[in-house]
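Index from 1, following the sequence. Predicted model, so just to flag it, every value in this text is computed and none were measured.
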Amino acid sequence: MEKGSTEARLWPIGVISSVLKDRSEAPRQGSEGAPDAWLDVYPWAAEGLQGLEVGDEIIVITWFHQARRDVFLVHPRSDPRNPLTGVFATRSPDRPNPLGLHPVFVRAIEGNRLRIGPIEAIDGTPVVDIKPVLR
């Protein structure tokens, strides 16, 4: 794999605590029956939660820590009846930079913890950012 000259670094700002413990348990998308989960924001980043309120719609950006990073072609939705497709045209978690985008609602705020959902991220998934949904 050839690397470019520009380096990118991510620092997790928190972690997902979920009843989903394994990739095989998780729905493909949050809207497909995913549960709510806790997003535990690390103390050093907690100040960034200021202004968030219960009921807000946010996008949680995760790092799919169990993803394969050497995959470029997949059968969409892991269905071999679907033709092989480039990962950039799919929502596959297996991809060179396995970032997950999760539109969720803030259900509760307890200090530096957010109850969010629905979210298909599994327990222990690092969170790299949170952004508001702008309409």
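- Counting heavy-atom neighbours within 6.0 Å of Lys131 NZ, excluding the residue itself, gives a total of 12 or less.
- Here the side chain of Asn112 pairs a donor or acceptor atom with the backbone of Val41 at under 3.5 angstrom.
- In terms of heavy atoms, Leu20 sits closest to Pro35 at CD1-CD, 3.7 Å.
- Annotation: side chain to side chain contact (heavy atoms under 4.5 Å, CB included) contacts of Pro98 (sequence neighbours excluded): Trp63, Phe64, Ala67, Arg69, Arg95.
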Open item on the list: side-chain contact (heavy atoms from CB on, under 4.5 Å), that's the test. Do Leu39 and Val104 meet it? Break it down for me.
Closed with: CA-CA 11 Å; Leu39 190 174; Val104 299; over 6 Å; no
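- Nearest heavy atom pair, residue Arg68 against residue Asp94, reads N-OD1, 2.8 Å.
- Contact record, Gly117 with Asp36: CA-OD1, 3.1 Å, taken as the closest heavy-atom pair.
- Residues satisfying the salt bridge (Lys or Arg N to Asp or Glu O under 4.0 Å) criterion with Asp56, sequence neighbours excluded, are absent altogether.
- Here Trp38 is tied to no hydrophobic group at all, with no ILVMFWY side chain closer than 4.5 Å.
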TODO: List the steps, then state whether side-chain contact (heavy atoms from CB on, under 4.5 Å) holds for Arg91 with Leu101.
DONE: CA-CA 9 Å; Arg91 295 292 303 260; Leu101 301 176; 4.3 Å; yes
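- Under a 4.5 Å side-chain heavy-atom cut-off, the cluster of Ile, Leu, Val, Met, Phe, Trp and Tyr residues that includes Phe105 has no other member.
- Pro132 pairs by the side chain to side chain contact (heavy atoms under 4.5 Å, CB included) definition with Leu134, not counting sequence neighbours.
- From Trp11, atom CH2 reaches atom CH2 of Trp44 across 8.5 Å, with rounding to the nearest 0.5 Å.
- Distance alone, capped at 3.5 Å, places no donor-acceptor pair between the Asp129 side chain and the Ile61 backbone.
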Open item on the list: Could you go through Leu84 and His75, starting from their C-alpha distance and side-chain angles, then the distance that decides it, and tell me whether this counts as side-chain contact (heavy atoms from CB on, under 4.5 Å)?
Closed with: CA-CA 5 Å; Leu84 279 174; His75 294 283; 3.6 Å; yes
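- Not a single donor-acceptor pair under 3.5 Å links the side chain of Arg115 to the backbone N or O of Val54.
- In this structure a side-chain-to-backbone donor-acceptor pair under 3.5 Å is missing from Ser17 to Val15.
- In this structure, CG on Leu114 lies 9.0 Å from CG on Asp40, to the nearest 0.5 angstrom.
- Hydrophobic clustering of Ile, Leu, Val, Met, Phe, Trp and Tyr side chains at less than 4.5 Å, counting indirect connections, unites Tyr42 with Ile58.
- Side-chain heavy atoms closer than 4.5 Å link hydrophobic residues (I, L, V, M, F, W, Y) into clusters, and following such links, possibly through other members, connects Val60 to Leu52.
- In summary, Arg77 and Asp79 do not engage in a salt bridge, as defined by a charged side-chain N under 4.0 Å from a carboxylate O.
- Residues forming a side chain to side chain contact (heavy atoms under 4.5 Å, CB included) with Ala37 (at least two apart in sequence, or on another chain): Ile16, Ser18, Ile119.
- Of the options Ile13, Ile59, Val106, a side chain to side chain contact (heavy atoms under 4.5 Å, CB included) to Ile130 is made by Ile13 and by none of the others.
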